[in-house]
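This report refers to the structure that appears directly beneath it.
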Amino acid sequence: MTPRRSNVGTEMLIGRAQVGGRLARCAQWLSLAMVLAGCSTLVSNVVPSDDTAAAPANIASLTDVAQHNPNDPQAYNMRGSVLGEAGRIQDALADFNKAISLDPNFAQAYANRGLIYRQTGKPDLALADYNKALSIDANYAPAYLGRGMAYRQKGQLVQALQDFNKAIQIRPDNAQAYFNRGLLYQGQRQHQFAIDDFSTAIGLSQHQAEPLIARGLSYMAINDFKAAAGDLDEAVQLEPQNVKAWVSRGLAYERMGDKEKAAGSYAKALNIKQDYDQAKQGFARVGGKFGQTYQAFD
């Protein structure tokens with residue numbers, strides 16, 4: 001079975017050449033489950049997830065696979081990937097360590113462990129693992145993506161840009177790479193470049209709120225509030241419980257002078273998270289009053 005190199009939603013990968021029998025069937029099912037689940041987020045956070053692939057029953061199934069294949073590094077890499085998605089960070093790390101001990105040339109396991117290190121605030125360890133993965137497979141786009149994110153975490157923006165560019169060169173369909181390069185441009189106030197990258201990410205990923213929110217914020221930065229509102233309308237419909245999307249939408253409508261929709265958006269954010277300061281401040285700015293009903297949409 002050829003490794004699946006996901007282009008959307010997560011840099012934590014599963015799969016490796018020539019897995020067989022029960023393990024191959026499990027890998028095929030798990031890859032499909034992660035695609036159907038939408039892979040949670042473009043930003044690739046290791047947080048507790050209720051995705052199908054991370055369900056306890058599926059972790060139990062993968063544990064059974066590992067027990068029946070104790071010397072196959074792929075079994076531990078697959079289970080580690082799902083444990084990471086479930087927020088079981090130490091268990092995931094143990095599985096990636098085991099996979100690497102069984103096969104020191106397992107590029108995906110190094111990249112997956114690098115993701116764990118990066119998301120737990122250990123960018124130097126992450127960089128070491130991404131470097132190792134790339135020394136094994138110099139064309140491994142997810143490792144360039146992950147290393148670029150680690151460089152950005154450390155404030156090494158030139159190196160981050162180079163890695164995002166490389167990831168895109170290898171995999172022009174990699175939505176995460178465009179999204180993260182867009183965030184880099186946005187942070188440098190190069191908003192038109194950011195908008196272009198977010199637009200590409202939206203076209204490649206589809207049905208995810210984060211690139212729409214990001215593009216909306218860049219539209220606001222260049223005073224195109226109508227375009228921003230359009231993106232944020234779509235974002236809150238895709239993810240109705242996304243507080244950031246509602247607050248950003250409130251700001252867009254506030255800037256347009258539509259206090260009704262702005263108040264409705266801020267109120268929705270406060271219904272989701274009552275102590276969210278940005279929502280409280282925005283609600284107050286537009287004259288919002290608690291206990292009153294506001295229309296968020298026409």
Side-chain angles (χ1 to χ4, degrees), residues 1-19 23 26-27 30-31 34 39-40 43-47 53-54 62 65-66 69-154 156 159-160 162-171 174 176-177 180:
M1 178 177 168
T2 303
R4 178 180 184 84
R5 294 190 173 184
S6 173
N7 64 315
V8 178
T10 179
E11 77 203 61
M12 186 174 289
L13 299 182
I14 55 175
R16 181 177 176 173
Q18 303 302 317
V19 295
L23 186 55
C26 186
L30 188 53
S31 294
M34 293 183 78
C39 299
S40 75
V43 190
S44 192
N45 290 321
V46 181
V47 295
L62 290 169
V65 170
N69 299 270
N71 297 313
D72 194 326
Q74 172 63 13
Y76 295 99
N77 184 56
M78 285 199 307
R79 188 176 66 177
S81 300
V82 177
L83 288 168
E85 285 293 309
R88 293 172 57 179
I89 303 304
Q90 293 304 316
D91 291 336
L93 187 61
D95 271 357
F96 295 137
N97 288 340
K98 180 66 173 179
I100 289 167
S101 72
L102 290 169
D103 182 358
N105 292 311
F106 196 169
Q108 288 180 351
Y110 283 107
N112 283 340
R113 191 174 69 178
L115 172 60
I116 293 291
Y117 285 140
R118 181 171 58 77
Q119 293 289 357
T120 53
K122 301 173 182 176
D124 291 324
L125 291 176
L127 285 172
D129 271 351
Y130 290 129
N131 287 336
K132 180 63 175 179
L134 289 169
S135 74
I136 297 167
D137 183 355
N139 292 311
Y140 194 30
Y144 285 107
L145 171 62
R147 192 173 71 175
M149 295 170 77
Y151 277 135
R152 189 163 76 91
Q153 190 175 4
K154 287 173 62 68
Q156 296 176 236
Q159 295 92 326
Q162 290 172 343
D163 275 354
F164 294 147
N165 287 341
K166 185 66 173 179
I168 289 168
Q169 177 188 338
I170 297 170
R171 289 295 305 270
N174 191 321
Q176 274 188 291
N180 281 281

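In this text, all values refer to a predicted model and were calculated from it rather than measured experimentally. Each residue takes its place number in the sequence, starting with 1.
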Leu115 CG to Met149 CE distance, which is reported to the nearest 0.5 Å: 8.0 Å
Euclidean distance, Asp95 CG relative to Leu62 CG, rounded to 0.5 Å: 9.5 Å
Set of side chain to side chain donor-acceptor pair (under 3.5 Å) partners for Asn71, sequence neighbours left out: none
Distance (rounded to the nearest 0.5 Å) between Tyr110 OH and Asn77 CG: 12.0 Å
Partner set under side chain to side chain contact (heavy atoms under 4.5 Å, CB included) for Leu134, not counting sequence neighbours: Tyr140, Ala143, Tyr144, Arg147
Lys154 bridged to Asp124 by N-O distance under 4.0 Å: yes
Partner set under salt bridge (charged side-chain N to carboxylate O under 4.0 Å, His left out) for Lys122, not counting sequence neighbours: none
Sub-4.5 Å side-chain heavy-atom contact between Tyr76 and Asn69: no
Heavy-atom closest contact (Pro104 atom, Ile136 atom, distance): O-CD1, 3.9 Å
Separation of Arg118 CZ from Gln153 CD (nearest 0.5 Å): 6.5 Å
Ser101 side chain near Phe106 side chain, heavy-atom distance below 4.5 Å: no
Side chain to side chain contact (heavy atoms under 4.5 Å, CB included) against Gln169, all qualifying residues, sequence neighbours excluded: Lys166
Contacts of Leu93 that satisfy side chain to side chain contact (heavy atoms under 4.5 Å, CB included) - sequence neighbours left out: Gln90, Asn97, Arg113, Ile116, Tyr117
Reported CG-to-CG distance for the pair Leu145 and Asn180, which is rounded to 0.5 angstrom: 5.5 Å
Rounded distance [0.5 Å steps], CG in Asp72 versus CG in Leu102: 8.0 Å
